[in-house]
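Values reported hereafter were calculated over all heavy atoms of this structure, with side chains retained and with hydrogens, waters and symmetry mates removed. Residue numbers count from 1 along this sequence. Since the model is a prediction, treat every value here as computed from it, not as a measurement.
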Amino acid sequence: MGSLYRSEEMTLCQLFLQSEAAYACVSELGELGLVQFRDLNPDVSAFQRKFVNEVRRCDEMERKLRFLEKELEKDNIPQLDTGDLPEAPAPREMIDLEATFEKLENEMKEVNSNAEALKRNYLELTELKHILRKTQGFFEEAMTDPNMAEETVGLLGEEVRAPTTGQQPLRLGFVAGVIVRERMPAFERMLWRACRGNVFLKQANMDVPLEDPVTGDQVHKSVFIIFFQGDQLKTRVKKICEGFRATLYPCPETPAERREMAIGVMTRIEDLNTVLQQTRDHRHRVLVAAAKNMRSWLIKVRKIKAIYMTLNLFNLDVTQKCLIAECWCPVADLDRIQLGLRRGTEASGSSVPSILNRMATRESPPTYNRTNKFTSGFQSIVDAYGVAVYREVNPAPFTIITFPFLFAVMFGDFGHGLIMLCFAIWMILRERQLIAKKAHEDEMFGMFFSGRYMIMLMGIFSMYTGFVYNDFFSKSVNVFGSGWTVNDFTNSTGTRALDPNTTEWSGSPYWYGMDPVWQMSLNKISFLNTFKMKTSVILGIIHMFSGVILSLSNHRYFGNTLNIFCEFIPQVLFLSAIFLYLVCIIMAKWIYITPADSACAPSLLIGLINMVMFKYQKLDKNKTLCAVVPWYPGQQGLESFLVILAGLCIPWHLCLKPILLYMKHKGKFDQKRRAPVTHVARTVANDTDDDEAALIHHDESDAPLLENHTTEEEKVT
């Protein structure tokens with residue numbers, strides 16, 4: 001309970017490690033996780049430190065592993081996770097790891113480049129197959145079209161006649177290609193405008209999308225064939241196709257040649273399919289072999305990098321053979337740290353043992369709170385608001401109860417709390433399986449998984465408060481029998497209010513919790529809200545008093561009497577004068593006010609306001625101010641005393657401590673100012689040697705003051 005109640009006692013230690021044993025020793029300390037190293041080279045940049053080359057090599061290995069991870073994700077190959085955490089490899093094993101990663105990366109890049117080239121070739125052959133199929137249909141359609149039956153028919157519907165000189169008529173040329181379907185409308189408009197309508201375009205969509213060899217996305221394309229006359233139009237059409245990134249393919253003019261080319265294309269496609277399948281199988285085998293060791297490789301590389309980054313925090317001695325480090329570590333774990341250093345020295349084969357020395361320092365040590373899987377969630381909540389000062393009381397043990405309980409006061413439903421409890425128990429029972437599946441690494445589910453024990457307590461307390469509120473999925477359950485005998489609860493105006501002064505109330509309350517009859521009453525909201533408000537006030541004041549009492553424990557532990565007198569006592573008096581008195585009134589009102597007196601029951605809010613304003617009204621002759629009349633003897637005198645006491649606590653708490661600290665600091669300052677005057681008076685009577693000796697032994701902090709006073713004394717002389 002000592003380490004749970006307060007943070008661990010820490011000490012500053014100095015380490016002397018031999019250069020050949022430093023790596024193994026830091027590795028052992030990292031496995032323990034009990035040491036926080038200090039940077040002894042704060043003025044040296046990260047690129048000028050001793051082990052910067054090793055860190056760069058680790059970064060390069062991490063890059064290669066990330067590349068392999070992306071390839072595994074592309075093929076949906078899971079990484080094998082055995083749950084084991086391998087130790088950091090020896091420095092000489094870095095060369096083997098680098099060689100392995102280099103070989104895998106080169107092999108994967110070669111496989112990817114070959115696969116990309118094969119896919120690009122396959123894409124071209126597939127597009128050519130579609131072109132041959134679609135153009136065959138175009139030409140067959142043209143043979144049946146009367147406008148295209150004769151080659152001498154012009155593109156604009158006019159017959160191209162031979163010149164009178166007897167030359168042959170012009171023949172139609174054509175080009176065929178493939179273009180992305182989204183660019184087809186703009187491509188068609190550009191052809192019409194650039195060629196002034198002197199081309200004839202036929203296009204058809206491909207039924208099956210094609211795979212992009214670079215990105216792997218599915219792309220929809222269209223086949224087109226363009227007829228034109230003359231070389232000038234041919235050049236213009238090809239430039240437009242190039243601008244729209246359309247791919248042109250050779251297409252024979254005769255049906256026999258087209259049929260022969262189609263057969264050759266189909267044969268090559270079948271051969272490419274076989275080669276592509278073999279390439280995929282080889283790629284899959286390489287990735288499956290890498291997936292078996294991927295997690296262990298990542299852990300090893302990250303540990304190596306962490307070790308060398310830690311070694312960069314160390315200093316080298318003059319001989320360059322010893323590394324000097326400073327670290328904070330728990331006093332209770334010094335033996336374990338010594339044992340880890342011994343294991344590291346033995347593993348490295350060094351004959352010189354590592355040395356661990358405790359150092360005296362005035363620096364404030366870091367706060368270290370031991371946690372386990374149950375308390376880690378609550379400690380994280382406390383640290384989110386602020387980390388306690390070294391050796392202060394740790395609020396986390398108290399948060400284990402207060403946080404789930406205050407949540408349950410707000411939540412308060414038996415059915416919903418049962419669902420939360422079942423969900424938390426499921427996560428606790430399947431803890432190992434969920435960790436093995438890396439479910440805790442998911443951003444959303446990871447928050448629930450890390451707080452599974454917190455959710456369990458929240459569910460238990462919510463079931464308790466739901467039982468008190470008599471809420472089961474927002475419905476009340478009559479378990480112990482109602483204390484009201486209501487025969488006809490509804491009338492012509494609807495639900496009516498409950499009045500305990502009537503004969504419908506038996507006089508005995510519900511055995512535990514809220515009576516279910518309140519769910520059907522008209523004054524349900526006012527009754528339940530009043531009850532929950534008073535309960536919340538009591539719980540909040542208890543919470544505040546608990547925090548103040550814990551501060552007393554801190555003041556006593558650190559021996560700070562001034563804080564006890566100037567902070568704790570006025571805080572307790574102020575809370576007691578206002579809030580503890582309010583709690584007493586709430587409890588007294590619950591106990592002593594009967595249903596018959598409810599009409600003239602004192603109002604807590606009005607009473608507290610009147611208390612601060614020193615306002616006390618008496619009953620008039622008609623007794624119409626029964627709500628503000630003092631309801632116990634001596635109320636006016638007691639409340640006046642409490643308000644005055646609370647008012648005095650404010651300057652006591654805010655002003656007294658700064659005044660005392662100022663007076664204390666001023667007294668020390670005056671004492672330091674008087675000390676050099678006495679010193680100078682003594683040195684004037686002595687000779688020069690005594691004067692120099694006295695000046696040497698004088699405090700360094702008073703040197704400027706000493707020089708000033710000496711100068712003034714010399715002037716007077």
Are L34 and L29 close enough, and set up right, to give a side-chain contact (heavy atoms from CB on, under 4.5 Å), and what steps lead you there? CA-CA 7 Å; L34 297 172; L29 295 179; over 6 Å; no

Does the side-chain contact (heavy atoms from CB on, under 4.5 Å) test come out yes or no for L580 and L575, once each step is laid out? CA-CA 6 Å; L580 185 60; L575 290 176; over 6 Å; no

What's the verdict on side chain to side chain donor-acceptor pair (under 3.5 Å) for R358 and T11, showing C-alpha distance, side-chain angles and the deciding distance? CA-CA 7 Å; R358 296 183 63 176; T11 181; 3.3 Å; yes

Between D75 and K70, is a salt bridge (Lys or Arg N to Asp or Glu O under 4.0 Å) present by the stated rule, with each step listed? CA-CA 9 Å; D75 287 15; K70 291 181 180 179; over 6 Å; no

Under the ring pair (Phe, Tyr, Trp, His ring centres under 6.0 Å) criterion, do Y308 and Y23 qualify, and how do the steps go? CA-CA 8 Å; Y308 281 116; Y23 181 92; 5.4 Å; yes

Audit row: F378, F403, ring pair (Phe, Tyr, Trp, His ring centres under 6.0 Å) steps and yes/no: CA-CA 8 Å; F378 298 98; F403 184 83; 7.2 Å; no

Working note: K373 + R452, criterion side-chain contact (heavy atoms from CB on, under 4.5 Å); need CA distance, chi angles, decisive distance, verdict. CA-CA 9 Å; K373 61 183 180 181; R452 55 193 179 279; 4.0 Å; yes

Can you check salt bridge (Lys or Arg N to Asp or Glu O under 4.0 Å) on E28 and R342, steps first, answer last? CA-CA 9 Å; E28 291 292 336; R342 195 176 302 117; over 6 Å; no

side-chain contact (heavy atoms from CB on, under 4.5 Å) evaluation trace for D333 with E8: CA-CA 10 Å; D333 295 318; E8 288 287 335; 5.5 Å; no

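Rounded to the nearest 0.5 angstrom, N529 CG and K534 NZ are separated by 10.5 Å. One distance of note links CD1 of I455 with CD1 of I419; it measures 13.0 Å at 0.5 Å rounding. Between the CD1 atom of I425 and the CD1 atom of I460 there is a distance of 7.0 Å, given to the nearest 0.5 Å. Expressed to the nearest 0.5 Å, how far CG of L12 lies from SG of C329 amounts to 8.0 Å. I538 contributes atom CD1, which lies 10.0 Å from atom CE of M533 (distance to the nearest 0.5 angstrom). Taken from CE in M420 to CZ in F411, the straight-line distance is 5.5 Å, to the nearest 0.5 Å.
Checked for salt-bridge contact, E105 and K109 meet the test: a charged N lies under 4.0 Å from a carboxylate O. The pair K64-D59 does not count as a salt bridge, with every side-chain nitrogen at least 4.0 angstrom from each carboxylate oxygen. Between K103 and E98 there is no salt bridge, since no side-chain N of the basic residue sits under 4.0 Å from a carboxylate O of the acidic one. For the pair R57 and E60, the salt-bridge criterion is not met [side-chain N within less than 4.0 Å of a carboxylate O]. Using a 4.0 Å cut-off between charged side-chain N and carboxylate O, K300 and E87 make no salt bridge. Under 4.0 Å is where a charged nitrogen must lie from a carboxylate oxygen, and between R66 and E69 no such pair does.
Both tests pass for R6 against the ring of Y557: distance under 6.0 Å to the centre and angle within 45° of the axis.
Heavy atoms only, all atoms of each residue included: I307 and S27 are closest at CD1-CB, 3.6 Å. Taking each heavy atom of V286 and L104 in turn, the nearest pair found is CG1-CD2, 4.1 Å. For the residue pair E9 and Y390, the shortest heavy atom distance occurs at CA-OH, 3.3 Å. Nearest heavy-atom pair, L341 versus C25, reported as atom, atom and distance to 0.1 Å: O-SG, 3.7 Å. Contact between M94 and C58 at its shortest, heavy atoms only, is CE-SG, 4.2 Å. Counting all heavy atoms, side chain and backbone alike, R336 lies closest to L32 at O-CD1, 3.5 Å.
Inter-residue side-chain proximity for R38 and L313 is flagged as unmet; no heavy-atom pair is nearer than 4.5 Å. Inter-residue side-chain proximity for I542 and S546 is flagged as met; some heavy-atom pair is nearer than 4.5 Å. I586 places a side-chain heavy atom less than 4.5 Å from the side chain of L604. Side-chain contact check for F398 versus V393: some heavy-atom pair is nearer than 4.5 Å. For the pair P365 and W328, the minimum side-chain heavy-atom distance is below 4.5 Å. Residues L539 and T535 meet the side-chain proximity criterion, which asks for heavy atoms closer than 4.5 Å. In this structure the side chain of I355 never reaches within 4.5 angstrom of the side chain of L15, judged on heavy atoms. Two residues are said to be in side-chain contact when any heavy atoms from C-beta on lie closer than 4.5 Å; P395 and Y385 fail this criterion.
For F423, the CZ atom sits in a packed shell: over 12 heavy atoms of surrounding residues, nucleotides or ligands are nearer than 6.0 Å. Atom CD1 of I591 has more than 12 neighbouring heavy atoms from other residues, nucleotides or ligands inside a 6.0 Å radius. No more than 12 heavy atoms of other residues, nucleotides or ligands sit less than 6.0 Å from atom CZ of R556. More than 12 heavy atoms of other residues, nucleotides or ligands shown are found within 6.0 angstrom of CE on M410. Counted within 6.0 Å of CE on M359, heavy atoms from surrounding residues, nucleotides or ligands total more than 12; the atom is thus considered enclosed.
With hydrogens and angles left out, the side-chain atoms of S354 and T345 include a donor and acceptor closer than 3.5 Å. For the residue pair Y453 / T375, no side-chain donor-acceptor distance below 3.5 Å is found, with atom types taken as modelled. Defined by atom type and a distance below 3.5 Å, a donor-acceptor pair is missing between the side-chain atoms of E567 and H653. If you check the side chains of N394 and Q379, you find a donor sitting under 3.5 Å from an acceptor. Side chain to side chain, N112 and R283 meet the donor-acceptor criterion of an N or O pair below 3.5 Å.
F101 has its ring centre less than 6.0 Å from the ring centre of W297.
D413 places a side-chain N or O within donor-acceptor distance of the main-chain N or O of H416, the cut-off being under 3.5 Å. Looking only at distances, a side-chain donor or acceptor of E392 sits under 3.5 Å from a matching main-chain atom of V389. A donor-acceptor pair under 3.5 Å links the side-chain atoms of S476 to the main chain of N470, judged by distance alone. Of the possible donor and acceptor atoms, none in the side chain of S462 sits under 3.5 Å from a partner among the backbone N and O of G459. Proximity of a side-chain donor or acceptor of T367 to a complementary backbone N or O of A388 within less than 3.5 Å is detected. Side chain of N312 to backbone of F51: a donor-acceptor contact under 3.5 angstrom is found.
Applying the ring-ring contact (aromatic ring centres under 6.0 Å, His included) test to residues at least two apart or on different chains, none of the pairs has a partner in residues 68-91.
Among the candidates Y469, F472, F461, Y464, the single residue satisfying the ring pair (Phe, Tyr, Trp, His ring centres under 6.0 Å) test with F414 is F472.
Relative orientation of the F37 and F314 rings is tilted, given thresholds of 30° and 60° on the angle between their planes.
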